[in-house]
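Remarks on the structure that follows.
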Amino acid sequence: MLDIRRIREEPDAVKAALATVGVEPAEIDTLLALDAERRAAIHELETRKAERGAASRAIGALKDAAERERAIATTRGAGDAIAAAEERVAALEARFEARMLEIPNLPHPDVPVGADERDNVVVRTVGTPPVFAFTPRPHWELGETLGILDFERGAKVSGSRFYLMRGVGAALQRALINWMLDLHVREHGYSEVYPPAMVRRECLVGTGNLPKFGDNLYRDAEDDVWFVPTAEVPVTNMYRDEIFAAGVLPVRHVAYTPCFRREKMSAGRDVRGIKRGHQFDKVEMVKFVEPAASDGELLRLLDDAEDVCRRLQIPHRVVQMCTGDLSFVAAMKYDVELWAPGCGEWLEVSSCSNFRDFQARRTNIRYRPAPRAKPELVHTLNGSGLALPRVVIAVLETYQEADGSVRIPAVLQPYMGGRAVIEKSSGEKERRS
RNA sequence: GGAGAGGUGGCCGAGUGGUCGAAGGCGCACGCCUGCUAAGCGUGUGUAGGGGUAACACUCUACCGAGGGUUCGAAUCCCUCCCUCUCCGCCA
């Protein structure tokens, strides 16, 4: 959510900035008109309440019963005007709030202006794609041959876009989770959190998934609890309505959760393999920082994500999103993409964003700049570190051998009981007849 | 799921219809005192939104888990919901 005061004070600058992310200037004019109407209504209501308050206090001081009765009788009508004013305020507040929640974040001034993903900027490419003496195979072939990915049974059990991981494949994923968590905790200064994977509605409003993007989410209708699309949601909302004491920021958390996404918008896209499922695992980094630190923290966050790629020794590149391709909540965003030689594409494995005070305003997360200073909104940031299935894809396709076996990256071997290779029949043992 | 008890300021805790944003205590901040430490004394100590000011001052409104209701007036009375705790049941 944007600061309404800022919109009031510099409407032209806000309109210009929002135009680059596709918001019509007229929308801001509508909002400002609504804001003026709302404030006038609030003023009216408060005036009425002040009058009634004074009258009521006077009644309290009256000793004479008859006088008292007379005063009560004359004040009796005041409630009607207040009720009418209250109704008006509530209606205007609701409309105002609804609009505010649907306005995207302002892009950071340093973000390149552009219309869509074609204007994104490749910031750097690290490492060289491996050269194979044979045609590298895509992970769905490798996975099925090795018996570690089972698409047929995944669909049987849960439907399309679900799969099973088996044997050493399942162990590989588990090793990645543990290794990445340890890396971020031990080397990058994060503290680990294991949050709920189901949250209340207001958490999703807080991070910006609602009200606009509800059709990408699963929920339990009976209790109105929602399955998280990312650990960002519970971890950010941990501190909802809280004020960090002076000196405790930055707070950096890393969390592993399963993530659930309906993927309605991507119907028909990426249907092969494990690139895009309704359920996937992810290790997520979330930061709460002082505003002056957030630009630098974004670069550190990005480097922490890239470090995972470097240590896996898989080539990656960093892409900066242009204004037109920023997410609803992000002021600045970098994607980290791993090279997958089998399917021949760069896979988005992390998205590192600085939200500045946008989520903090929605979740009411603040800090005190100094011990007795007024609370101010924190800046929040987050980034994947990394998204699991796509890392598994990159590992399988990068480390494959001509015979279809796959070597295990050195950093993961200690997490897999010293195993160095995934061979055929590492997963499925039993055969149907 | 059943029965019961609760949710008040950073914390503890009073407050059952009237000037209560809320006693008292702790904590904290500043000042005084003190040869050091401790103790002591004094003052102050919420958030948000309006009005007001050059800026202060000042002032209004809201907030005692949340939302409704009763009333001239609600932390206090009524209703609904949420959360916590205890016991029982059930389970991992």
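For the numbers below, each heavy atom of this structure counts, side chains included, while hydrogens, waters and symmetry mates do not. Letters A, B, ... mirror the listed sequences (proteins, then strands); counts begin at 1.
- Taking atom P in both rG10(B) and rA66(B), one finds a spacing of 13 Å when rounded to whole Å.
- For Arg57(A), the side-chain atoms get nearest to rU19(B) when compared with the rest of rU47(B), rG50(B), rU19(B).
- The same atom, C1', is picked in rC64(B) and in rG15(B); the two are 10 Å apart, to the nearest Å.
- Applying the side-chain contact (heavy atoms from CB on, under 4.5 Å) criterion to Arg261(A), with sequence neighbours excluded, gives Asn216(A), Pro229(A), Thr230(A), Glu263(A), Phe280(A), Lys282(A).
- With a cut-off of 3.5 Å on both pairing distances, rU53(B) has no Watson-Crick or G-U wobble partner at all.
- Residue Arg76(A) places at least one side-chain N or O under 4.0 Å from the OP1 or OP2 atom of rC72(B).
- Residue Arg52(A) is classed as a sugar-phosphate contact, given heavy-atom separations below 4.0 Å to backbone atoms only.
- Closest to the Arg39(A) side chain, of the nucleotides rG51(B), rU19(B), rG18(B), is rG51(B).
- At least one side-chain nitrogen or oxygen of Lys374(A) sits closer than 4.0 Å to the OP1 or OP2 atom of rA48(B).
- For rC72(B), the paired base is rG18(B) (Watson-Crick or G-U wobble, both distances below 3.5 Å).
- Residue contacts shown for Arg38(A) are absent, as no nucleic acid heavy atom lies under 4.0 Å away.
- Within 4.0 Å (heavy atoms only), Arg70(A) reaches no atom of the nucleic acid at all.
- Using a 4.0 Å heavy-atom distance criterion, Ala55(A) is classed as making no nucleic acid contact.
- Checked options Leu381(A), Val378(A), Thr236(A), Ile365(A); the residue passing with Gln359(A) is Thr236(A) (criterion: side chain to side chain contact (heavy atoms under 4.5 Å, CB included)).
- A salt bridge between Asp224(A) and Arg200(A) is absent, with no side-chain N of the basic residue lying under 4.0 Å from a carboxylate O of the acidic one.
- In this structure, Arg48(A) reaches neither bases nor backbone, as no heavy-atom distance under 4.0 Å exists between it and the strands shown.
- rU71(B) and rC83(B) have their P atoms separated by 32 Å, with the value rounded to a whole Å.
- With both ends at atom C1', the span from rC33(B) to rG42(B) equals 11 Å, rounded to whole Å.
- No donor-acceptor contact under 3.5 angstrom links the side chains of Asn354(A) and His108(A), judged on distance only.
- If you check every strand for non-hydrogen atoms under 4.0 Å, Ile42(A) touches nothing.
- When the C1' atom is compared between rA14(B) and rG50(B), the two are found 33 Å apart, to the nearest whole Å.
- Both distances falling under 3.5 Å, in either a Watson-Crick or a G-U wobble arrangement, occur for no nucleotide opposite rC64(B).
- Nucleotides rG65(B) and rA75(B) are separated by 12 Å at their C1' atoms, to the nearest Å.
- Using a 4.5 Å heavy-atom cutoff, the side chains of Arg366(A) and Glu376(A) are not in contact.
- Atom CD1 of Ile82(A) is separated from atom P of rC72(B) by 12 Å (rounded to the nearest Å).
- Toward the 5′ end of RNA chain B lies the nearest nucleotide of Ala58(A), the other residue of the pair Ala50(A) and Ala58(A) mapping further downstream.
- Comparing rG4(B) with rG9(B), their P atoms are spaced 27 Å from each other, to the whole Å.
- Checked against rC72(B), rA62(B), rG49(B), the side chain of Arg5(A) finds its nearest nucleotide in rG49(B).
- Ser56(A) comes within 4.0 angstrom of a nucleotide base, judged by non-hydrogen atoms across all strands.
- If you check every strand for non-hydrogen atoms under 4.0 Å, Ala245(A) touches nothing.
- Within the nucleic acid shown, Arg8(A) comes within 4.0 Å of sugar-phosphate atoms alone, with no base atom in reach, counting heavy atoms only.
- A donor N or O paired with an acceptor N or O is found under 3.5 Å between the base of rG49(B) and the side-chain atoms of Glu46(A).
- When distances run from any side-chain atom of Arg200(A) to the nucleotides rG49(B), rC82(B), rU61(B), the shortest one goes to rC82(B).
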